[in-house]
Amino acid sequence: MDASITTYRAWSWHAPGEPEQLRPEDRGIVSPGPGEIVVRNTMIALNPVDWKVIAASPDGWRPGHVPGVDGVGIVVEVGDGVDVPLGTRVAYHQGLGKPGSFAEYTTVDADCALVIPDGVSDESAAGIPCPGLTAWQALAKVPAIPNLDVLVTGAGGAVSLILVQLALRRNWRVWATASPVHRDRLLALGIAGTFDYRNEGWRAQLVAALGPRRLFAAFDTTNGAYARGLAPLVGYNGHLVCIQDRLESPPLPPFTTALSLHEVALNSVHGHATAEDWREWRQAGAQLFDAVRIGALDLQQHIVTAFDDLPTSLSALKHGRIKGKKILVRTEA
């Protein structure tokens with residue numbers, strides 16, 4: 001790392017509230033510990049989880065904490081025991097309890113760094129860690145039995161768009177809820193049909209389209225209450241996968257359809273993963289990057305904003321002023 005660089009810019013959190021309450025600060029460079037790397041961020045990806053935790057008061061956060069889970073950049077320093085060459089281009093998903101990606105430099109565990117292959121831009125790479133690995137983890141909850149019907153809600157979002165495509169690779173008949181503006185793109189990917197989630201009759205439309213069949217799995221990206229309402233659509237021995245929330249109690253009476261209930265919590269990997277779990281994580285990331293590289297995985301369209309505008313960009317994401325697009329923040333002018 002350039003010895004002349006002793007400080008860097010970061011956005012810091014001081015109390016629960018709106019993204020605009022983040023404060024710009026200068027931080028001193030800290031050397032990485034064993035198993036860690038320092039990444040000079042070139043691109044920061046904004047995710048819904050970012051504004052959600054900023055509005056709350058996560059365990060372990062103290063005034064001055066730097067938020068942000070997803071980043072892309074260059075490895076500029078490594079700690080003991082790390083075999084990653086300096087200059088390697090990586091993407092990462094940072095644990096919520098650690099100093100995050102809303103900064104020019106971030107120190108992360110080498111385990112969570114995904115090497116970006118040539119042919120994948122920083123912009124595309126930034127769309128993989130949180131959305132892509134969340135979709136992969138959700139899919140891993142369900143057995144890969146082909147020729148069955150599954151539902152993905154909110155398919156205009158970053159996670160759901162990737163999940164739809166991964167589900168199609170399993171030779172499932174994929175149905176989706178989405179705004180009509182996304183309909184043509186989703187049908188072009190090969191899904192069986194889309195339903196406008198704002199139409200109160202969409203569930204009846206899905207049941208009619210299914211005919212005698214029932215859903216093998218429903219993947220929800222909305223909230224727990226919405227997921228609970230999907231349970232009756234899932235058939236015998238099926239699966240309900242909650243991506244955005246979790247259900248604290250079974251959604252159906254016992255001994256009915258024997259529904260399997262699943263929660264998806266990507267951040268939990270940082271506190272509970274084994275070495276083998278991390279190997280699977282990086283392998284999944286590599287497969288997603290390779291699919292992007294060869295043009296086999298479509299990502300949500302994106303816009304790029306400036307580092308100085310990060311709080312207002314995150315606020316625009318939170319309040320729906322920018323819909324259907326991934327917001328990326330470039331750290332360099």
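Annotation: Lys325, atom NZ; neighbour count of heavy atoms from other residues, nucleotides and ligands within 6.0 Å does not exceed 12. Within a 6.0 Å sphere centred on CD of Glu200, other residues, nucleotides and ligands contribute 12 heavy atoms or fewer. No more than 12 heavy atoms of other residues, nucleotides or ligands shown are found within 6.0 angstrom of CZ on Arg62. Arg23 CZ: 12 or fewer foreign heavy atoms inside a 6.0 Å radius.
Look at Asp122 and Arg330 and you find no salt bridge, because none of the NZ, NE, NH1 or NH2 atoms lies under 4.0 Å from a carboxylate O. One finds a salt bridge joining Glu25 and Arg27 here, because a Lys/Arg side-chain nitrogen approaches an Asp/Glu carboxylate oxygen to under 4.0 Å. No salt bridge links Glu123 with Lys326; every basic N to acidic carboxylate O contact stays at or beyond 4.0 Å. In summary, Asp111 and Arg282 engage in a salt bridge, as defined by a charged side-chain N under 4.0 Å from a carboxylate O.
Residues Thr312 and Arg321 have side chains not in contact (no heavy-atom distance under 4.5 Å, counting atoms from C-beta outward). Residues Ile162 and Leu299 have side chains in contact (heavy-atom distance under 4.5 Å, counting atoms from C-beta outward). Side-chain contact between Arg198 and Ser179: present, with at least one pair of heavy atoms (C-beta onward) separated by less than 4.5 Å.
When hydrophobic clusters are built by joining Ile, Leu, Val, Met, Phe, Trp and Tyr residues whose side-chain heavy atoms come closer than 4.5 Å, directly or via intermediates, Ile322 is not grouped with Leu328.
His319 NE2 to Leu314 CG: the interatomic distance, rounded to the nearest 0.5 Å, is 9.0 Å. To the nearest 0.5 angstrom, His272 atom NE2 is 9.0 Å from Asn267 atom CG.
A donor and an acceptor atom, one from each side chain of His14 and Ser12, are located under 3.5 Å apart. No side-chain donor-acceptor contact under 3.5 Å links Asp70 and Ser101.
By the 6.0 Å and 45° rule, Arg203 stacks over the aromatic ring of Tyr226.
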* To do: With side chain to side chain donor-acceptor pair (under 3.5 Å) as the test, would you mind laying out the steps for Glu20 and Ser315 before giving the verdict?
  => CA-CA 7 Å; Glu20 288 93 344; Ser315 180; 2.6 Å; yes
